[in-house]
Engineer: 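Just passing along the structure, written as structure tokens.
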Amino acid sequence: MKSRKHHIAVIPGDGTGPEVVEEGIKVLHAAAAKCNFQLTFTTYNLGGENYLSTNEILPDSVLKSIAKTDAIYLGAIGHPDVKPGILEKGILLNLRFHFDQYINLRPVKLYEGVYTPLKDKGPDDIDFVVVRENTEGLYAGAGGFLKRGTPDEIAVQESINTRKGVERCIRYAFEYCRKRNKEKKLTLCGKTNVLTYEFDLWERTFNEVAKEYSDIKTDYAHVDAICMWMVKNPEWFDVIVTDNMFGDIITDLAAMIQGGMGIAAGANINPGGISMFEPIGGSAPKYTGKQVINPIAAISAAQIMLETLGEEKGAQLIEKSVIKVLRDDIKDVAAGKMGYSTSEVGDLIAEHITTQTV
Ligand code: IPM
Ligand code: MN
């Protein structure tokens, strides 16, 4: 029988990260007690504060230690006193690459009672998933400067796309779409009219893999058009697969139509290894310590973590409770407008888990 013990590496990180992670852990404890599995947590002090005081970003010893855990639960990375890019690349991207988390999974679901800026659209219309490639493309860091700082300066940033990297992402998306079993429709998001090398590879791979999935309908849209349809007809989407950069951009748009950064959760997945779960919003420095930030994005990230660890029942309990609290309790999902503090929202969700019948 599969082990029902899971060891979680916790990286609370910067800003409001620690506050929301605390609520996620509270909710995880409630789910574990209800569904009879065990969780242990090891906390790693990484982020801007740690960097400023120790000059260390992500030591090898920490990577080795995290390698012994089953999953990573992350709050937020980003500090106003640290130059942009250092922590993002040094911690977040480094973890994604080191553990080969080649899928960035971002469910986009508008729950009942949550405000969407889209007129005349409701929960039935906004329910899709973006599968973003997470280790290649423009994020690979390939490129460089020539004659930097001179009038003849050249900056090159290359998008790296390997057949292996593209194919494993596309295969994951087809499998996910089949398992999700909604419309059974997978949309490739690209830019075949301009990025004629990168998306030639993506499109050929997509069409080849599609032959093995005759039950899945396939579709294609350019990234700019996807932005348009996501606002005009979000109900057209079931699962979208795309590269790293486009995935980054379209999922911020998607997060807004599902209610904003207080709600949006994501997972960095290595199907055979250690995955990492995070709210997709940032560290929100101006709200730090104020207990006003919405912990639901972090709590939903914990839900995806349980799903990935094989704790389906626990994951379902969390989602049901999130749905209830959003529908019946919280006034507004935005920071400071919930009608409850960060920890009270965690309490409400944990309580509802405890009192549900499994
Ligand atoms: C995200 C974030 C990161 C990304 C940043 C912080 C490096 O925006 O997870 O979407 O671009 O992937
Ligand atoms: Mn992003």
Side-chain angles (χ1 to χ4, degrees), residues 102-110 116-139 159-163 165-260 264-267 269 280:
Y102 62 87
I103 298 298
N104 193 319
L105 191 72
R106 298 194 164 174
V108 182
K109 194 165 175 178
L110 177 68
T116 177
L118 299 188
K119 192 162 174 276
D120 301 331
K121 299 292 175 190
D124 289 343
D125 305 306
I126 301 172
D127 183 5
F128 59 91
V129 177
V130 178
V131 175
R132 161 186 173 189
E133 201 292 320
N134 209 32
T135 54
E136 300 192 340
L138 285 167
Y139 281 69
S159 181
I160 304 293
N161 296 266
T162 67
R163 170 71 197 213
V166 170
E167 184 170 333
R168 66 185 181 174
C169 175
I170 286 173
R171 281 191 183 279
Y172 183 93
F174 272 103
E175 285 294 329
Y176 189 89
C177 190
R178 180 179 272 171
K179 197 166 148 237
R180 175 169 150 93
N181 200 16
K182 200 181 165 239
E183 306 283 322
K184 288 206 168 179
K185 176 178 161 191
L186 180 62
T187 304
L188 172 64
C189 164
K191 189 75 186 172
T192 50
N193 52 350
V194 176
L195 306 183
T196 50
Y197 308 123
E198 169 171 351
F199 283 102
D200 186 83
L201 173 60
W202 274 81
E203 198 173 40
R204 266 186 291 121
T205 310
F206 185 75
N207 292 337
E208 277 169 37
V209 175
K211 291 188 193 131
E212 297 170 37
Y213 293 85
S214 53
D215 54 325
I216 310 285
K217 294 183 278 298
T218 57
D219 195 7
Y220 171 83
H222 295 319
V223 62
D224 45 350
I226 288 258
C227 293
M228 181 176 76
W229 299 130
M230 225 182 240
V231 172
K232 194 165 183 290
N233 297 100
E235 66 280 5
W236 285 357
F237 299 115
D238 177 10
V239 180
I240 298 173
V241 64
T242 191
D243 81 351
N244 209 341
M245 188 78 256
F246 290 169
D248 178 47
I249 298 167
I250 67 172
T251 53
D252 265 29
L253 174 57
M256 289 321 286
I257 69 170
Q258 76 177 124
I269 295 182
I280 84 169

Engineer: For the residue pair Ala221 and Thr187, what are the closest heavy atoms and their distance?
Structural biologist: N-CG2, 4.2 Å

Engineer: Restricting to side-chain contact (heavy atoms from CB on, under 4.5 Å), what partner residues turn up for Ile249, sequence neighbours left out?
Structural biologist: Met245

Engineer: Test your reading of the model: is there a side-chain donor-acceptor pair from Thr218 to the backbone of Leu186, 3.5 Å cut-off?
Structural biologist: no

Engineer: Sequence neighbours left out, what passes ring pair (Phe, Tyr, Trp, His ring centres under 6.0 Å) with Tyr172? Give chain and number order.
Structural biologist: none

Engineer: Return the set of residues passing side-chain contact (heavy atoms from CB on, under 4.5 Å) with Lys232 (not counting sequence neighbours), or none when no residue passes.
Structural biologist: Trp229

Engineer: What verdict does the side chain to side chain contact (heavy atoms under 4.5 Å, CB included) test give for Lys182 and Val239, after you've listed the backbone C-alpha separation in whole Å, the side-chain angles of each residue and the deciding distance to 0.1 Å?
Structural biologist: CA-CA 9 Å; Lys182 200 181 165 239; Val239 180; over 6 Å; no

Engineer: Which heavy-atom pair separates Cys189 from Thr242 by the least distance, and what is that distance?
Structural biologist: O-OG1, 2.8 Å

Engineer: Applying side-chain hydrogen bond (donor to acceptor under 3.5 Å, both in side chains), name anything that partners Arg171, two or more places apart in sequence or on another chain.
Structural biologist: Glu167, Glu212

Engineer: Of all the heavy-atom pairs spanning Glu136 and Ile160, show the shortest one and how long it is.
Structural biologist: CB-O, 3.2 Å

Engineer: Please walk me through it: do Trp202 and Ile170 pass side chain to side chain contact (heavy atoms under 4.5 Å, CB included)?
Structural biologist: CA-CA 8 Å; Trp202 274 81; Ile170 286 173; 3.8 Å; yes

Engineer: If I take atom CZ from residue Phe128 and atom CE from residue Met230, how far apart are they, to the nearest 0.5 angstrom?
Structural biologist: 4.0 Å

Engineer: Does any donor atom in the side chain of Glu175 or Tyr213 lie under 3.5 Å from an acceptor atom in the other side chain?
Structural biologist: yes

Engineer: Heavy atoms, side chains only, cut-off 4.5 Å: are Leu118 and Ile126 in contact?
Structural biologist: yes

Engineer: Please list, chain by chain and in numerical order, all residues satisfying side-chain contact (heavy atoms from CB on, under 4.5 Å) with Ala267, sequence neighbours excluded.
Structural biologist: Leu105, Ile269, Phe277, Ile304

Engineer: Is the backbone N or O of Asp124 less than 3.5 Å from a side-chain atom of Asp127, with the two atoms forming a donor-acceptor pair by type?
Structural biologist: no

Engineer: What pairs with Lys185 under salt bridge (charged side-chain N to carboxylate O under 4.0 Å, His left out), at least two apart in sequence or on another chain?
Structural biologist: Asp219

Engineer: To the nearest 0.5 Å, what is the distance between CD1 (Ile250) and CD1 (Ile240)?
Structural biologist: 5.0 Å

Engineer: Under the salt bridge (charged side-chain N to carboxylate O under 4.0 Å, His left out) test, which residues partner Glu208, sequence neighbours left out?
Structural biologist: Arg163

Engineer: Below 4.5 Å, heavy atoms only, C-beta onward: do Thr116 and Ile257 meet side chain to side chain?
Structural biologist: yes

Engineer: Is the closest side-chain donor-acceptor distance between Glu198 and Ser159 under 3.5 Å?
Structural biologist: yes

Engineer: Looking at every heavy atom in both Pro107 and Ala265, which two are closest together, and how far apart are they?
Structural biologist: CD-O, 3.6 Å

Engineer: Checking side-chain polar atoms at under 3.5 Å, does Glu133 have a donor or acceptor matched by the opposite partner on Thr135?
Structural biologist: yes

Engineer: Return the set of residues passing side-chain hydrogen bond (donor to acceptor under 3.5 Å, both in side chains) with Gln258 (not counting sequence neighbours), or none when no residue passes.
Structural biologist: none

Engineer: So which of Asn244, Asp200, Leu138, Leu201 actually passes side-chain contact (heavy atoms from CB on, under 4.5 Å) with Asn161?
Structural biologist: Leu201

Engineer: State which residues pass ring pair (Phe, Tyr, Trp, His ring centres under 6.0 Å) with Tyr220; sequence neighbours excluded, sorted by chain then number.
Structural biologist: His222

Engineer: Any side-chain heavy atom of Val231 sitting closer than 4.5 Å to one from Leu253?
Structural biologist: yes

Engineer: With a 4.5 Å cut-off on side-chain heavy atoms, are Phe199 and Asn193 touching?
Structural biologist: no

Engineer: Looking at side-chain heavy atoms only, is the closest gap between Phe206 and Val241 below 4.5 Å?
Structural biologist: yes

Engineer: According to salt bridge (charged side-chain N to carboxylate O under 4.0 Å, His left out), does anything in residues 242-255 pair up with another residue at least two apart or in another chain? List the pairs.
Structural biologist: Arg132-Asp248

Engineer: By side-chain contact (heavy atoms from CB on, under 4.5 Å), which residues pair with Thr251, not counting sequence neighbours?
Structural biologist: Arg106, Val130

Engineer: By salt bridge (charged side-chain N to carboxylate O under 4.0 Å, His left out), which residues pair with Glu235, not counting sequence neighbours?
Structural biologist: Lys121

Engineer: In Å and rounded to the nearest 0.5 Å, what is the OG1 to CZ distance from Thr162 to Arg168?
Structural biologist: 7.0 Å

